[in-house]
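Note that this is a predicted model, so its numbers are computed, not measured.
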Amino acid sequence: MNGINKPSNEDHFSVNGNDLQIFQGTLIHATNDHPLLILEDHVIGVGQGKIAFVAPSSELSNLIDRHGFQQNEVRQLQKGNFLMPGFVDTHIHAPQYVYAGTGTDLPLLSWLTRYTIPVESKFKDLKFASLAYNDVVETTLKVGTTTACYYATIHKHASLRLAEIAANLGQRAFVGKVNMDTFSPDYYLETTQESIRDTEWFIEQVRELNCPRVNPIITPRFALSCTSPLMTQLGVLADKYDVHIQTHINESLDEIASVKEKFPGYGNYARVYDAHGLMNNKTVLAHCIHMEDDEVSLIKERGAGVAHCPCSNFTIMSGVMNLRERLQQGLKVGLATDVSGGYSSSMLVAMRQAVIASRVHSISLTDGKEHIPVEYHEAFRLATLGGSEVLGLSDKIGNFEVGKEFDALIIDPHAANSPFHVYDTLYTDTIEDIVQKFLYLGDDRNIAEVYVGGERVKPRT
Ligand code: GUN
Ligand code: FE
C-alpha cells in the first residue's frame with residue numbers, strides 16, 4: 001500500500017490516486033485569519049483519512065497529473081451543497097441524554113440532586129447504559145458532532161462501554177469515567193480508593209481498545225464532589241498517563257460560594273484545581289462564567305481551555321458568560337452542548353445560543369463598556385476550529401488544512417423536508433446567505449453525510 005508522505009508543501013502531499021476520494025464544490029471552514037471562509041468551486045482530496053490537497057478547480061488538471069487520479073473519480077457535490085468541518089462538542093454528559101429536554105426548571109445544585117444523580121445512578125446497569133450510549137453516539141453523529149468530549153458516570157464498565165460504542169460507530173471522542181467521593185447520596189458515590197483504582201483501570205482499558213480516535217480523560221466532576229486527596233491522586237494519574245482532564249468551574253454563584261467554603265485558603269475556584277495538579281494545557285474547563293481576574297490569568301498561564309455551554313447556562317439559569325471578554329482575554333474557547341444542562345445535543349443550537357448570549361451582554365449587561373457581540377461567523381469558528389484547540393487536536397482536525405484528518409459534513413440546503421428554503425435562482429440568496437440560513441435554521445435533515453477520519457459514518461455503508 002502506498003503510504004501518505006509528509007506534506008511536501010502547504011497545499012499538497014502525495015497519495016496514490018487509487019487511495020484518493022476527491023470532492024468538487026464549495027467548501028467552508030475557519031482558519032486563523034478568517035472565522036468563516038467560503039471557497040467556491042474547489043477540489044479537496046482525501047487519502048487514508050487525511051486531507052491530501054485543497055485547491056481551486058482551475059488546478060484540477062495539475063492535480064490529476066500530480067496525484068494520478070482520473071477525472072471521473074472526482075465527485076461533484078450536488079448543486080447547492082457544501083462541505084464543512086465536523087462539529088467539536090467540547091463538553092457533553094452522555095448519560096444525561098436520556099432526560100435531555102426535561103428537568104429544565106431548577107438551578108444547578110438542586111437540578112443535580114433532583115434529576116441528575118438519580119438518572120446517572122441507573123448506568124450501573126450495563127444493558128441500560130449500552131442502549132442509552134448507543135442512542136447518544138448515533139444522535140450526535142447524526143447532527144454532525146464528529147468529535148465529542150464526554151462525561152460518563154462513576155461506573156467503570158458502563159464508561160468503557162461508551163468508549164467502545166464511540167469506537168465502533170466511528171466517532172472521535174474523549175471519554176471520562178466520572179470521579180466523585182463526596183457530596184452525593186450513598187447509592188451514587190465511590191470511596192477515594194475505588195475512584196482512583198477504577199480510573200486507572202478505565203484508562204488502561206480504553207487504551208487497550210487501540211482506537212487512536214477514542215481516548216480516556218480524567219473527570220473529577222467538580223470541586224464539590226471530590227475530596228482533596230482524590231483530586232491530588234487524579235492529578236498524579238493525569239501525569240502518569242499523560243491524559244487530558246475535564247471538570248466544571250465557575251458555573252453558578254451558589255456553587256462558587258460552596259467551593260470557597262469547602263476549600264478556604266486557596267483564594268478562588270481555579271486555584272483549588274491548580275493546587276491539586278489538575279490545571280494544565282490538557283485541561284478542559286466547562287463554563288467559566290463568573291471569573292476573577294486571577295483565575296483568568298492562571299488559566300491562561302496554564303494553557304487550559306474553556307468549554308462555553310450557552311444552552312445549559314440559559315436552561316439551568318447559571319449566568320451569561322461574556323464570550324467576547326473571554327476571547328479578548330486570549331483564552332482558548334470552544335463550544336459545547338452540556339447535555340442535559342443544555343436541552344439540545346446539537347452544536348447548531350450551541351452556536352445560536354452563543355450568539356444570543358453575547359448579544360445579551362451587548363444589550364444589557366456590559367454597564368456601558370464597549371461590547372462587540374459575537375456573530376455567527378465566530379460561533380462557527382468556535383464550534384469547529386476553536387473546539388479542536390480546546391481539546392489539543394488542532395494539529396489533527398478543526399478545518400480543511402492539508403495533512404489534517406478529514407472530519408467533515410456535506411450540507412444539503414435543499415434536502416427533502418428542509419426546515420428552511422433557499423431562493424437562489426429566482427431570487428437573491430448568495431452562498432453567504434445560504435450558509436447563514438443553514439447555521440441559523442438548519443438541522444440534521446440538512447446534514448446529508450458525515451465523515452470521521454475519511455470514513456463515512458452517516459449514512460453508513
Ligand atoms: N456541575 C457538576 N456536575 C454537573 C453536571 O452534570 N452538569 C452541569 N452543567 N454542571 C455540573
Ligand atoms: Fe456539564
Side-chain angles (χ1 to χ4, degrees), residues 4-5 7-87 144 146 376-377 380-381 383-385 388 394 396-415 422 424-425 429-439 442 446-456:
I4 297 177
N5 301 323
S8 52
N9 65 36
E10 292 235 315
D11 302 325
H12 303 267
F13 66 102
S14 50
V15 176
N16 179 287
N18 298 328
D19 295 333
L20 279 174
Q21 270 183 291
I22 306 117
F23 301 88
Q24 183 171 26
T26 300
L27 320 178
I28 72 167
H29 72 161
T31 64
N32 289 334
D33 301 331
H34 299 270
L36 202 178
L37 193 61
I38 298 179
L39 304 169
E40 289 185 85
D41 202 11
H42 269 58
V43 279
I44 180 167
V46 181
Q48 295 174 359
K50 292 189 176 168
I51 298 165
F53 57 80
V54 178
S57 291
S58 55
E59 287 189 28
L60 188 56
S61 50
N62 290 340
L63 291 166
I64 288 175
D65 290 347
R66 189 193 297 225
H67 295 279
F69 58 89
Q70 310 289 318
Q71 172 85 47
N72 63 11
E73 291 174 70
V74 178
R75 176 176 157 196
Q76 294 278 342
L77 293 186
Q78 215 173 292
K79 186 173 157 17
N81 287 9
F82 59 88
L83 266 166
M84 62 165 277
F87 290 119
T146 48
Y376 76 94
H377 316 80
F380 172 83
R381 180 187 187 281
T384 54
L385 191 58
S388 76
S394 57
K396 288 200 175 69
I397 57 161
N399 64 9
F400 292 141
E401 267 171 37
V402 169
K404 288 193 182 183
E405 300 209 17
F406 186 67
D407 286 13
L409 317 179
I410 295 184
I411 306 303
D412 180 1
H414 300 274
V422 171
D424 52 355
T425 46
D429 272 337
T430 62
I431 180 66
E432 286 85 0
D433 294 332
I434 296 169
V435 168
Q436 187 177 2
K437 281 187 174 183
F438 165 67
L439 295 176
N446 304 106
I447 302 178
E449 295 179 32
V450 178
Y451 292 80
V452 180
E455 209 178 294
R456 200 177 75 191

* **Candidate pair Val46 and Phe400, rule side chain to side chain contact (heavy atoms under 4.5 Å, CB included), full reasoning** => CA-CA 10 Å; Val46 181; Phe400 292 141; over 6 Å; no
- Gln71 vs Ile64, side chain to side chain contact (heavy atoms under 4.5 Å, CB included): CA-CA, chis, key distance, verdict: CA-CA 7 Å; Gln71 172 85 47; Ile64 288 175; 3.9 Å; yes
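Take Arg75 and apply the salt bridge (Lys or Arg N to Asp or Glu O under 4.0 Å) test, not counting sequence neighbours, and it matches Glu449. A search for side-chain hydrogen bond (donor to acceptor under 3.5 Å, both in side chains) contacts involving Glu432 returns Thr430, not counting sequence neighbours. In this structure Asn399 satisfies the side-chain hydrogen bond (donor to acceptor under 3.5 Å, both in side chains) test together with Glu401, Lys404, sequence neighbours excluded. Listed by chain and number, the residues in a salt bridge (Lys or Arg N to Asp or Glu O under 4.0 Å) with Lys437 are Asp429 (sequence neighbours excluded). Checked against side chain to side chain contact (heavy atoms under 4.5 Å, CB included), His42 has the following partners two or more places apart in sequence or in another chain: Leu27, Leu39, Val54, Pro56. In this structure, the side chain to side chain contact (heavy atoms under 4.5 Å, CB included) partners of Gln436, at least two apart in sequence or on a different chain, are Tyr376, Tyr440. The ring-ring contact (aromatic ring centres under 6.0 Å, His included) search around Phe87 returns none, not counting sequence neighbours. Legend: residues meeting side chain to side chain contact (heavy atoms under 4.5 Å, CB included) with Glu455, ordered by chain and number and at least two apart, are Arg213.
Interatomic distance, CD1 of Ile397 versus CD1 of Ile51, reported as 10.5 Å (0.5 Å rounding). A distance of 8.0 Å separates OG1 in Thr384 from CG in Leu36, rounded to the nearest 0.5 Å.
Side-chain atoms of Glu59 and Phe53, non-hydrogen and from C-beta on, never get closer than 4.5 Å to each other. When side chains are defined from C-beta on, Phe69 counts as touching Leu60, because their heavy atoms get closer than 4.5 Å. Looking only at side-chain heavy atoms (C-beta outward), Thr146 and Tyr451 stay at 4.5 Å or farther from each other. Using a 4.5 Å heavy-atom threshold, the side chains of Ile28 and Phe380 count as touching.
In terms of heavy-atom proximity, Ala52 sits nearest to Gly47 at CB-N, 4.4 Å.
Evaluation of the side-chain hydrogen bond (donor to acceptor under 3.5 Å, both in side chains) test over residues 22-37, restricted to residues two or more places apart or in two chains, returns Gln24-Ser57, Gln24-Gln76.
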Under 3.5 Å, which donor-acceptor pairs link side chains of residues 406-415 to any protein atom two or more places apart or in another chain?
| unit_1 | atom_1 | unit_2 | atom_2 | d |
| --- | --- | --- | --- | --- |
| Asp407 | OD1 | Arg172 | NH2 | 2.9 |
| Asp407 | OD1 | Gly453 | N | 2.7 |
| Asp407 | OD2 | Arg172 | NE | 2.8 |
| Asp407 | OD2 | Arg172 | NH2 | 3.3 |
| Asp412 | OD1 | His414 | N | 2.9 |
| Asp412 | OD1 | Ala415 | N | 3.3 |

